[in-house]
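The structure appears below as structure tokens.
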Amino acid sequence: MRIYKVKDYDAMSRKGAAIIAAQIISKPDCVLGLATGSTPIGTYKNLIAAYNAGDLDFSQVKSANLDEYRGLPRDNDQSYYYFMYNNLFKHVNIDMNNTNIPDGMNPDADAECARYEEVIKSLGGVDLQLLGLGHDGHIGFNEPNDQFDKFTHCVNLTEMTIEANKRFFASIDDVPRQAYTMGCGTIMRARKILMLVSGADKADILYQVVNGPVTPQVPASILQFHPDVTLVADEAALSKF
Ligand code: F6R
């Protein structure tokens with residue numbers, strides 16, 4: 001694992017965007033695995049700025065997002081489709097037909113998970129997978145568990161994740177209880193992984209992810225077995241190292 005320690009969230013966002021930009025420049029038709037949440041927003045802003053400066057072309061880029069809430073339609077402002085459209089896609093020249101996000105409205109969970117795995121396969125796999133880190137060590141919505149999930153699946157969100165995400169909803173009752181997510185196996189099949197982590201509140205879990213035992217109780221710890229992981233984290237997040 002390559003670890004870049006940077007000063008703060010803004011520096012993390014600049015470096016994260018630089019690594020993604022390098023991927024797009026070196027392979028214009030690359031497949032990006034994308035994430036939502038607070039962590040990548042600054043990175044997406046920097047990518048948009050590079051696009052506006054004429055330095056980046058998304059016209060051939062393809063994308064596959066990690067996850068989506070089950071039961072939220074695309075136009076719900078908390079859906080991950082809505083997030084991606086408003087924080088990145090609508091600002092750059094990506095072809096929306098080349099973007100992929102699990103369909104939260106497909107009531108047939110098994111069919112949706114199989115369809116999404118097939119989509120990723122048909123794209124030829126993910127070249128660079130962007131990841132944030134949950135406070136319980138989750139990646140995508142792979143919550144602490146007794147085993148690592150190999151494929152896209154439907155999960156019941158933990159109380160910790162529901163609690164962490166309630167800030168985006170009118171009330172905790174509005175937070176969806178389930179989500180579709182790539183499995184840890186799906187994530188591990190990406191050729192390269194870029195994990196971004198910011199903030200003192202992630203310091204303990206980040207230490208466990210990198211230095212603790214590899215265990216499905218800390219899902220991100222599986223990244224220790226991936227041959228090409230770049231971690232960009234700020235001083236606060238790396239304060240326990
Ligand atoms: C989002 C995702 C989640 C987040 C994680 C961290 O698509 O898959 O695993 O990356 O919950 O969220 P933030 O960045 O909001 O702290």
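Atoms within a ligand are numbered from 1 in the order they appear, just like the ligands themselves.
A parallel orientation is assigned to the rings of Y85 and Y81, their planes being inclined by less than 30° (bins at 30° and 60°). Between Y69 and F169, the ring planes lie perpendicular to each other; the angle is over 60°, past the 30° to 60° tilted range.
The pair E117-K150 does not count as a salt bridge, with every side-chain nitrogen at least 4.0 angstrom from each carboxylate oxygen. With salt bridges taken as basic N to acidic carboxylate O contacts below 4.0 Å, none links K192 and D228. For the pair E118 and R115, the salt-bridge criterion is not met [side-chain N within less than 4.0 Å of a carboxylate O]. Of the charged side-chain nitrogens involved, none lies within less than 4.0 Å of a carboxylate oxygen, so that K7 and D234 do not count as a salt-bridged pair.
Set against the non-hydrogen atoms of D67, the atoms of ligand 1 under 4.0 Å away are 1 (C), 2 (C), 7 (O), 8 (O). Per-residue contacts place R167 under 4.0 angstrom from the following atoms of ligand 1 (heavy atoms of the residue considered): 15 (O). Those atoms of ligand 1 with a heavy atom of L66 less than 4.0 angstrom away are 8 (O).
At a heavy-atom cutoff of 4.0 Å, ligand 1 is contacted by no atom of T161, backbone or side chain.
Distance from atom 14 (O) of ligand 1 to its nearest protein heavy atom, with residue and atom name: T39 OG1, 2.4 Å. Ranking the protein heavy atoms by distance from atom 6 (C) of ligand 1 puts L133 O, 3.4 Å first. At the shortest separation from atom 3 (C) of ligand 1 among protein heavy atoms lies G140 O, 3.5 Å. Scanning the protein for heavy atoms near atom 15 (O) of ligand 1, the closest one is S38 N, 2.8 Å. Summary of contacts: the protein heavy atom closest to atom 1 (C) of ligand 1 is T36 OG1, 3.2 Å.
No side-chain heavy atom of R177 sits under 4.5 Å from any side-chain heavy atom of N156. No side-chain heavy atom of N142 sits under 4.5 Å from any side-chain heavy atom of F148.
Every heavy atom of E143 sits 4.0 Å or more from the atoms of ligand 1. Under a 4.0 Å heavy-atom criterion, H135 is not in contact with ligand 1.
At a 3.5 angstrom cut-off on N or O pairs, Y80 does not count as close to ligand 1.
Within the set M195, K202, H138, the minimum heavy-atom distance to atom 16 (O) of ligand 1 is found for K202. Closest to atom 10 (O) of ligand 1 by heavy atom, among G134, G132, G199, is G132.
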Quick one: do Y116 and Y180 satisfy ring pair (Phe, Tyr, Trp, His ring centres under 6.0 Å)? Show the steps, please. CA-CA 9 Å; Y116 202 63; Y180 291 123; 9.0 Å; no
